[in-house]
Chemist: 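Have a look at this one before I ask anything.
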Number of protein chains: 2
Amino acid sequence: MIHSYNSQDKALLAVDCIIFGFDKEELKILLIKRDFEPQKGKWSLMGGFLKRSEDLDQAANRILHHLTGINNVYMEQLYSFSKVNRDPVERTVSVAYYALINTEEHNEELTQQYSAKWFNISEAPELIFDHDKMVKKAISRLRYRTSTMPVGFELLPQKFTMRQLQKMYEAILGEKLDKRNFINKINALDILHKTNEKDMESSKKGSFLYMFDEEKYKRKAADGFSFKL
Amino acid sequence: MIHSYNSQDKALLAVDCIIFGFDKEELKILLIKRDFEPQKGKWSLMGGFLKRSEDLDQAANRILHHLTGINNVYMEQLYSFSKVNRDPVERTVSVAYYALINTEEHNEELTQQYSAKWFNISEAPELIFDHDKMVKKAISRLRYRTSTMPVGFELLPQKFTMRQLQKMYEAILGEKLDKRNFINKINALDILHKTNEKDMESSKKGSFLYMFDEEKYKRKAADGFSFKL
DNA sequence: TCAAAAGTGTTCCAACTACACCCATGT
DNA sequence: ACATGGGTGTAGTTGGAACACTTTTGA
């Protein structure tokens, strides 16, 4: 049994980010066309390598920022993928992170300055390496998180309608929800603030805009959410 | 933006295992006295380094087997810990795994051949590095898993009493459960087989022994458990 | 006047909780 | 005979699910 540190194999440590967005109807992921070998030209998650001077959370944020200009978003470590030949060039272990971002705020820059593109979850192309597995796992984690805390305000603009919120949950969960039950439950949580503005784009009648109330949220969060739609 | 693989930093990849056991009354973890520097002599999780020829799951199993003689147990990847100075000797990222094992089957060998020792969760000594954080995270994952599938048959001997099962859940969840409600819920799941043997050790009357029914379980598992105590 | 989305409550049923007494046996 | 843990059922409450009509207004 040899325990000396320097007789051990080392590996490259990559970080790959699954970036979720939501755009009125569909849950989306952000992909880039890989501009280096191997698999140049194929679609890929946002990825990079861990540096000696940073931890994984920092690396994930740096990589996201670097490839998209985005900063300060919700990110969470997902899982580490380590099949021996997952990357054909080098032995690489990849730690996957997922993030939730608001597509409206971040659309232009992304698609223009960076060669990133949003894809509907259901229409995404095949990805390199084991990235498809990562996405699958991220979706299931996102669904779980849904029942744990009121996820996904990160995915919407600051002001949003009940209908948008509902559609977002439907997109995440992959099922239709009842309109009245949904509103009742959301209201029961008591973490929204109803503005007196209306969004006139989606209908003739117009629908009220709501905002997420951080104060109320924090008070609730203290004694632990549990939350089912 | 440099993408060449060989200009990247490499890191040591460690695997640390949180081994849970259950012994009549208390949830336990298995620790070893570290026999090499740094922090020689302090208590530690079971750990080792990833080899070039194996993936993380394999490494976790190898390490567990190597340090305890145990094979074929339930293990699951938990989280990767990566603070820059978490290990003072080398930049090391550690992937934590947790396992559930039956203490009765594995007690002798462990404490004798290997210098491993079981500690009650509440009485465990302070551990090296960030291992305490790992344990905390593992417990919360274990609690979650409890509501997802009938966890913890791994922790009991093949035949067990209702009371043992209940105590195990109480130990995991850290709260008392109502005897009658507990039995009703377990029976509603319909995954146990009642033998006609009795365990005479715990009481004068003796209590029936149950077994986990894998067939029934598999049929249920197909359409997704959801399970609350 | 019609089409399209917004808004709004009630009833029913299933699931969870709380709760107390008798039984079998060894000492 | 008594002390110890084993075993059993019900009533009340709560939370989730199903469900349909009226309102507003732009075209």
Side-chain angles (χ1 to χ4, degrees), chain A residues 23-26 143 146-148 150 156-157 159-171 173-211 220 223-229, chain B residues 23-25 143 146-148 150 156-157 159-171 173 175-211 220 223-229:
Chain A
D23 177 18
K24 311 277 184 214
E25 295 289 336
E26 281 257 24
R143 283 183 185 157
T146 266
S147 64
T148 292
L156 293 171
K159 295 178 183 177
F160 50 85
T161 66
M162 276 290 180
R163 193 48 55 95
Q164 279 175 283
L165 186 62
Q166 182 180 345
K167 287 219 165 124
M168 185 199 69
Y169 273 101
E170 289 176 342
L173 298 173
E175 57 182 317
K176 289 265 168 253
L177 300 171
D178 179 88
K179 183 167 50 160
R180 282 175 288 186
N181 291 340
F182 180 81
I183 292 174
N184 289 156
K185 282 179 198 173
I186 295 290
N187 284 335
L189 284 177
D190 189 31
I191 49 170
L192 291 189
H193 169 70
K194 185 179 193 169
T195 69
N196 34 20
E197 299 166 68
K198 283 193 163 192
D199 167 55
M200 300 307 295
E201 287 185 16
S202 60
S203 76
K204 333 226 153 150
K205 186 176 174 183
S207 56
F208 282 105
L209 288 164
Y210 290 78
M211 289 175 65
K220 305 260 159 185
D223 29 72
F225 270 106
S226 171
F227 176 111
K228 233 195 121 193
L229 299 167
Chain B
D23 177 18
K24 311 277 183 210
E25 294 291 336
R143 283 185 184 155
T146 266
S147 65
T148 291
L156 293 172
K159 295 178 183 176
F160 49 86
T161 67
M162 276 290 178
R163 192 48 54 96
Q164 279 175 282
L165 186 62
Q166 182 180 345
K167 287 218 165 126
M168 185 198 69
Y169 273 102
E170 289 176 341
L173 298 173
E175 57 182 316
K176 289 264 168 255
L177 301 171
D178 179 89
K179 182 168 54 159
R180 281 175 290 187
N181 292 341
F182 179 81
I183 292 173
N184 289 157
K185 283 181 197 171
I186 294 290
N187 283 335
L189 284 177
D190 189 31
I191 49 169
L192 291 189
H193 169 70
K194 185 178 192 169
T195 69
N196 34 21
E197 299 166 66
K198 282 193 165 193
D199 167 54
M200 300 307 294
E201 286 186 16
S202 59
S203 77
K204 334 224 152 153
K205 186 176 173 182
S207 55
F208 281 106
L209 288 164
Y210 290 78
M211 290 175 65
K220 306 260 158 182
D223 29 73
F225 268 105
S226 171
F227 177 111
K228 233 194 121 192
L229 299 169

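Everything quoted here is computed from the prediction, not taken from an experiment. Lettering follows sequence order; numbering is per chain, from 1.
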Chemist: List the steps and the verdict of side chain to side chain contact (heavy atoms under 4.5 Å, CB included) for B:Q166 and B:K179.
Modeler: CA-CA 8 Å; B:Q166 182 180 345; B:K179 182 168 54 159; 4.1 Å; yes

Chemist: Looking only at heavy atoms, which two atoms of B:K205 and B:K198 are closest? And how far apart?
Modeler: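 Where B:K205 meets B:K198 most closely, the heavy atoms are O-NZ, 3.6 Å.
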
Chemist: Choose from C:dC19, D:dA27, D:dG6 the nucleotide whose nearest atom is closest to any side-chain atom of A:K204.
Modeler: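 Closest nucleotide to the A:K204 side chain: D:dA27.
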
Chemist: Would you kindly give the CG-to-C1' distance between A:L189 and D:dG16, to the nearest whole Å?
Modeler: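 One finds 14 Å between C1' of D:dG16 and CG of A:L189, rounded.
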
Chemist: Look at the side chain of A:E170 and the backbone N and O of A:L177, then say whether any donor-acceptor pair between them is shorter than 3.5 Å.
Modeler: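 Yes.
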
Chemist: Rounded to whole angstroms, how far apart are CD on A:E175 and C1' on D:dA18?
Modeler: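 In whole Å, D:dA18 C1' lies 15 Å from A:E175 CD.
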
Chemist: Rounded off to whole Å, could you give me the CD-to-P distance for the B:E201 and C:dG26 pair?
Modeler: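 B:E201 atom CD is separated from C:dG26 atom P by 14 Å.
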
Chemist: Could you tell me how far apart A:K179 (NZ) and D:dC21 (P) are, to the nearest whole angstrom?
Modeler: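 Nearest whole value for this atom pair: 13 Å.
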
Chemist: Roughly, in whole Å, what's the span from CZ in A:F182 to P in C:dA6?
Modeler: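 Going from A:F182 (CZ) to C:dA6 (P), I get 13 Å.
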
Chemist: For A:D199 and C:dA4, give me the distance from atom CG to atom P, rounded to whole Å.
Modeler: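 It works out to 18 Å between those atoms.
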
Chemist: Taking the side chain as every heavy atom from C-beta outward, state whether B:Y210 and B:H193 have any atom pair closer than 4.5 Å.
Modeler: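 The answer is no, as the side chains (C-beta and beyond) never meet within the 4.5 Å cut-off.
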
Chemist: Quick check for you: among C:dC23, D:dA17, C:dG7, whose closest atom lies nearest to any side-chain atom of B:K205?
Modeler: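 Closest nucleotide among those given: C:dC23.
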
Chemist: Give a yes/no on whether any side-chain N or O of A:K198 is located under 4.0 angstrom from OP1 or OP2 of D:dT24.
Modeler: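 Checking A:K198 against D:dT24: no side-chain N or O falls below 4.0 Å of OP1 or OP2.
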
Chemist: Taking the side chain of B:F208 as heavy atoms from C-beta outward, which of C:dA6, D:dG7, C:dC19 is closest to it?
Modeler: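 When the side chain of B:F208 is considered, D:dG7 is the closest of C:dA6, D:dG7, C:dC19.
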
Chemist: Need to verify one output field. Residue with the more 5' nearest nucleotide on DNA chain C, A:S207 or B:M200?
Modeler: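 On the 5' side of the pair lies A:S207.
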
Chemist: OP1 or OP2 of C:dC19 versus the side-chain N and O atoms of B:R180: is any pair under 4.0 Å?
Modeler: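 Checking B:R180 against C:dC19: no side-chain N or O falls below 4.0 Å of OP1 or OP2.
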
Chemist: From C-beta outward on B:S202, which listed nucleotide comes closest to its side chain: D:dA20, C:dG9, D:dG6?
Modeler: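 Of the candidates, D:dG6 comes closest.
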
Chemist: Whole Å only: how far is the CG atom of B:N184 from the P atom of C:dA15?
Modeler: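 Nearest whole value for this atom pair: 13 Å.
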
Chemist: Between atom CG in A:L229 and atom P in D:dA17, what is the gap in whole Å?
Modeler: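 So the CG-P distance, A:L229 to D:dA17, works out to 9 Å.
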
Chemist: Tell me if a side-chain donor or acceptor on B:T195 pairs with a main-chain N or O of B:L209 at a distance below 3.5 Å.
Modeler: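 The answer is yes, because a donor-acceptor pair under 3.5 Å joins these two groups.
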
Chemist: Counting only distance, no hydrogens or angles, is the base of D:dG15 paired donor-acceptor with the side chain of A:K228 under 3.5 Å?
Modeler: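 In this structure, the two groups form no donor-acceptor pair.
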
Chemist: With DNA chain D as reference, determine whether A:G206 or A:K185 sits nearer its 5' end, using the nearest nucleotide of each.
Modeler: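 So the residue in question is A:K185.
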
Chemist: Looking only at side-chain atoms of A:I183, point me to the closest of C:dT8, D:dG6, D:dG9.
Modeler: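 Minimum distance to the A:I183 side chain belongs to C:dT8.
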
